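One structure is given here, and the rest of the page talks about it.
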Amino acid sequence: MHVKIKVKVNGMEHVHEVEPRLLLSHFLRDTLRLTGTHIGCDTSGCGACTVHVNGKAVKSCTLLAVQADGCEVLTIEGLSTNGTLHPLQEGFHQEHGLQCGYCTPGMIMTAADLLKNSPKPTEEEIRHALEGNICRCTGYHNIVKSIQYAAERM
Amino acid sequence: MSATTSYIGKSVKRVEDKRFITGKGKYTDDIILAGMVHGAFVRSPHANAKIKKIDISKAKAMPGVIAIFTGADVAAINGVPCGWQVNFKNGDTMKEPKHPLLVADRTKHVGDPVAFIIAESREEAKDAIEMVSVDYEKLSCVTNPAEAVKPGAPLVHDDVPNNICFDWELGNPKSEVEEALSKASHVTTLDFVNQRLVPNAMEPRSYIGSYDETSDKYTLYTSTQNPHLIRLLMCAFVLGIPEHKVRVVGPDVGGGFGSKIYHYTEEALVTWCSKEIGRPIKWTSERAESFLLDAHGRDHVTKAEMGFDKDGKILALRVKTFANLGAYLSTFSTCVPTYLHGTLLQGLYTTPKINVDVTGVFTHTNAVDAYRGAGRPEATYILERLLDLSALEMNVDPTELRFKNFIPPFDGVKQPGYQTQVALQYDSGNYHGVLEKGLEILDYKNFRKQQKESAKNGKLLGVGFSTYIEACGIAPSAVVGSLGARAGLYEVGQVRVQPTGKVSVFTGSHSHGQGHETTFAQVVADKLGIPMEDVDIIHGDSDTVAFGMGTYGSRSLAVGGSAIVKSIEKIVEKGKKIAAHKLEASEQDIEFVDGKFTIKGTSKSLNFAEIALTAYVPHVYPADLEPGLDFSSFYDPKNFTYPFGCHIAVVEIDRETGKVDLKRFIAVDDVGNVINPMIVEGQIHGGVAQGMGQALLEGVEYDEDGQISNGSYMDYCMPRADDFPMFETASQVTPCPHNPLGVKGAGEAGCIGSTPAVVNAVIDALWSSGKKVKDIRMPLTPERVWKAMN
Ligand code: FES
Ligand code: FES
């Protein structure tokens, strides 16, 4: 049995028939071929799959695609506008906030949500906000600096 | 060569970032091939069990299922090999049982694959797993290496007595060490476990095998650190297919830390099966499978003793280690507890007598292999814990104790390298320097005052030191060959100058976060006097890159970078011939500076692009010279490189809960010359976080049934952003005297130095409150620390 869903992703309307058990993360990656959203675990513990659903950061592996029916989804691919990098993307580049890049889209999407709600976060607030996102490469030091970089410019 | 450098030594922002920050990275699981199908494994739920019967008929009838392979189907195929032979003390070859692609008769650890299901979709393949019925007879198992060698312990392989893979020894004769220890005025003894860790690269392993009938050619996409090595092992040792008929591609790879060096059974299986079924097959590990099956790290059970004379000079060191190898030998598993561990036990000290004895042991657990640092963190942990603990026991200052025992500075040029008691010869070092710098940043005197004062206020502050050395730039082929390596460890670098003077560089190194596309381009651009934008670094594809040994052991720049420099030298040499001919001068009179070939002392010159064009349009050209400007080089290092440094941790312990708070972390590292300080610092940060993770948070636990009891991110405590302060890093530069860039390598340093520093800090805090605790088992969880305090 397939279910018809309508989801707006990065500003574009998509209508698809999906299996009810399909996760939003797989829908984005496999159906829409938006592979910037990564999958790093099966227990919703790593944050690599973080996207925005109706403006809030959500781990897309915790949601079924059918639950996103009628929602607006923003992924890393939709973050820059007209070829201009989002200040967070710029920040991660300037402050060397990434190494292998696997956690990066999730980190950036989480940070974007943080900065929306708390435009000038303290170091502690930043570290706390990143609790649900694991990075094995950077030791987080430069990720914190990347987010501070963006906060200063937004 | 270029006289001025405009890129080397600068924190140039990474060129590879663009694709990663916009979601355009291409990892293996992102790739979809036409007609591709999906694989899933039936895995043993038992550590040690006989397979009495396996029935796949129901699963085969499931929707979407294309084929199912079992152990019987692959029985004729070789197992995956081990790349390093370690011999028993009596000269016998190590025990090397077959590691089959699928198990037919007896499983040897939880997760051992029993059947491989291929279906149209990932979900259909997974749905069929439960429909395979396997009749197991569960047998008893053993997971601890010190237990596994005892008489009567369950055997992992029936033909390996006492589960011993090898026993091995290095250094001075035992009798001499014994004698020195007996004369010591103080001996510090430490019995401890260096616990098992899961590497946890954030990208799970992923493989796609495909076969093209018309060309009789296979392609394997794999999240690996070394595509050529995988091709070699898979073709020559496992599948017996000719190498020129196999292309191995390692696209963007989301971290490795060692766990993606090895040739895994799944790689060979998807490749072999793709021909059997005539369609490309993808298999991507789930995180639960990563916990079970990505080669683990560490897992040593060790007893170490260090003897001092009455002045605090180290007289001798004795180490006995039982190293857990798991159920099967992973690619480099045997060299980790031996040649990457025993050889590092000189540390930074002049210890005159050292003996290390290692027993490599099979257990009913997942394979253990190199994990960031590989053997060197284990050695450093022994030494640095012993140093700080001895200082406490002898009531002397731990930094004074180190200064007293450091090997004096030597540059490896005017002063010779330092010959250790454990086979290695250090290249260059200034060990006093890094500790002095670290103490300055810490403001040591003040810290001790502060520690006393805060004790009055009920706070528990502690400081821990670790002055480490590692052997990197792996490795001189003849040396490692004589020690049992079954491969050479050189690297390949090809520099292809295009007719317009733009440059494509092909390297056998593989970047999975290290930033080679930036650092290698910095080197090439400076050496050729051209802008970085004119240089492209290409890696990770066996069809484009001639050959390569890949990235691990902090070897990329020291070995891979040196291979590139060698090719650049050949280009400049040929360029001089072309320039001499065109400028009607003698070759000796041509110099190459800042991208120009100039007649010395004149202003007559040709720039790099003009020479390149001439090489490809050879109208006015030396008669005896081939056209073209494209050179490839193999660089085999003359020695290992030896980065070193000083790590200092400051912790505060909550008396109520035992929770350890890392207040400060200072890392002073000497990794030789630095091409890109930003990238080196990033490597140090990441390494320190992993090392601290081992000290305070991480550790995989096997229960008595051989089950992993914390195999998910819910249970295995990964370091997270709020576990750390900002790190305080500083550097010192002692160039490597034996490679052209003077570099030593920075990938593992952070992970090697940090673990003992953090543990030492906790022990120091406890002693400062009168609790004379020798050891707390890692990870130092609040519960364990609380128990030690109460
Ligand atoms: S993949 Fe969603 S949290 Fe890990
Ligand atoms: S950059 Fe590799 S996991 Fe974060």
Side-chain angles (χ1 to χ4, degrees), chain A residues 19 21-22 26 29-30 33-46 48 75-80 85-86 88-90 92-106 108 123-124 126-145, chain B residues 11 13-14 16-27 29-32 122-123 199-204 252-257 284 286-288 290 511-515 678-679 681-690 692 712-714 718-724 726-727 729 750:
Chain A
E19 269 197 76
R21 64 169 165 176
L22 184 71
H26 284 137
R29 289 179 54 78
D30 301 343
R33 301 295 298 129
L34 292 168
T35 53
T37 298
H38 297 151
I39 295 172
C41 72
D42 24 58
T43 51
S44 301
C46 76
T75 72
I76 188 74
E77 288 93 343
L79 197 62
S80 54
L85 292 178
H86 185 279
L88 274 164
Q89 291 171 313
E90 192 59 40
F92 272 69
H93 176 57
Q94 291 298 332
E95 297 292 346
H96 189 30
L98 66 149
Q99 290 179 24
C100 79
Y102 201 77
C103 72
T104 313
I108 291 179
E123 183 197 327
E124 210 187 323
I126 293 174
R127 289 183 183 274
H128 184 71
L130 297 179
E131 253 283 299
N133 293 67
I134 305 176
C135 174
R136 192 52 146 173
C137 297
T138 64
Y140 305 100
H141 182 108
N142 286 344
I143 292 182
V144 172
K145 283 171 67 181
Chain B
S11 289
K13 305 294 175 219
R14 298 201 323 169
E16 44 272 88
D17 285 354
K18 184 89 190 273
R19 64 181 186 273
F20 295 123
I21 54 179
T22 53
K24 300 281 162 51
K26 251 294 164 280
Y27 304 88
D29 192 58
D30 300 339
I31 297 168
I32 293 180
R122 182 180 44 224
E123 288 73 18
N200 271 310
M202 292 317 295
E203 178 213 15
D252 285 332
V253 172
F257 316 110
T284 299
E286 295 188 356
R287 183 57 59 184
S290 309
S511 181
H512 31 281
Q514 293 85 347
M678 174 190 84
I679 286 179
E681 257 177 56
Q683 288 291 318
I684 302 290
H685 293 162
V688 166
Q690 275 171 297
M692 176 280 194
S712 81
Y713 289 144
M714 315 270 271
M718 287 288 282
R720 295 186 185 251
D722 54 3
D723 292 316
F724 301 101
M726 295 309 270
F727 303 122
T729 52

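In what follows, chains are A, B, ... by sequence order, proteins preceding strands, each numbered from 1. Computation of the quantities below employed the complete heavy-atom set of this structure, encompassing side-chain atoms and omitting hydrogens, waters and symmetry-equivalent molecules. Note that this is a predicted model, so its numbers are computed, not measured.
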Margin query: Looking at chain B, which one of A:Glu95, A:His128, A:Glu19, A:Gln89 has the largest number of heavy-atom pairs inside 4.5 Å, strictly under?
Written below: A:Gln89

Next item on the list: Decide yes or no for A:Asn142 and B:Glu681: does some side-chain heavy atom of the first lie under 4.5 Å from some side-chain heavy atom of the second?
Entry: no

Next item on the list: Would you mind telling me which of B:Gly687, B:Ala689, B:Gly254 has the largest number of heavy-atom pairs within less than 4.5 Å of chain A?
Entry: B:Gly254

Note to self: Does any backbone or side-chain atom of A:His38 lie under 4.5 Å from a heavy atom of chain B? Answer side chain, backbone, both or neither.
What the structure shows: side chain

Check: Quick one: what part of A:Leu85 sits under 4.5 Å from any heavy atom of chain B, side chain, backbone, both or neither?
Finding: side chain

Check: At what distance, to the nearest 0.5 angstrom, does CZ of B:Arg720 lie from CG of A:Asn133?
Finding: 8.5 Å

Margin query: What's the separation between atom NZ in A:Lys145 and atom OG1 in A:Thr138, rounded to the nearest 0.5 Å?
Written below: 11.5 Å

Next item on the list: Flag the one option from A:Leu79, A:Thr43, A:Leu98 with the top tally of heavy-atom pairs under 4.5 Å to chain B.
Entry: A:Leu98

Checklist line | B:Tyr27 portion near chain A, given a 4.5 angstrom heavy-atom threshold | finding: side chain

Next item on the list: Below 4.5 Å from any heavy atom of chain B, which atoms of A:Gln94 appear? Answer side chain, backbone, both or neither.
Entry: both

Item checked: Flag, side chain of B:Glu203 to backbone of B:Val253, donor-acceptor distance under 3.5 Å -> no

Notebook entry, point to check: Using a cut-off of under 4.5 Å for heavy-atom pairs, which of B:Met718, B:Arg287, B:Met678 has the most such pairs with chain A?
Noted result: B:Arg287

Checklist line | Sidechain-backbone polar pair: B:Glu286 side chain, A:Asp42 backbone, donor-acceptor under 3.5 Å | finding: no

Check: Passes side-chain hydrogen bond (donor to acceptor under 3.5 Å, both in side chains), B:His685 versus B:Gln683? Steps please.
Finding: CA-CA 5 Å; B:His685 293 162; B:Gln683 288 291 318; over 6 Å; no

Notebook entry, point to check: Relative to chain A, which of B:Ile679, B:Asp723, B:Ile684 shows the most heavy atom pairs under 4.5 Å?
Noted result: B:Ile679

Item checked: Contact leader toward chain A among B:Lys18, B:Arg122, B:Glu123, where contacts are heavy-atom pairs under 4.5 Å -> B:Arg122

Check: Heavy-atom distance under 4.5 Å to chain B: side chain of A:Tyr140, backbone, both or neither?
Finding: side chain

Margin query: Is there a side-chain contact between A:Cys100 and B:Phe20 in this structure, where contact means two heavy atoms from C-beta onward sitting under 4.5 Å apart?
Written below: no

Checklist line | Option that, when pairs with chain B are counted at under 4.5 Å, heavy atom only, ranks first among A:Thr104, A:Ile134, A:Leu130 | finding: A:Ile134

Next item on the list: For each of B:Ala288, B:Ser11, B:Gly515, tally heavy-atom pairs with chain A at distances under 4.5 Å, and name the one with the top tally.
Entry: B:Ala288

Notebook entry, point to check: Are the side chain of A:Arg29 and the backbone of A:Leu34 linked by a donor-acceptor contact shorter than 3.5 Å?
Noted result: no

Checklist line | Among the listed options A:Gly36, A:Gly78, A:Gly101, the residue most often paired with chain B at heavy-atom distances under 4.5 Å | finding: A:Gly101

Note to self: Within the 4.5 Å heavy-atom criterion, are A:His86 and A:Glu90 side-chain neighbours or not?
What the structure shows: no

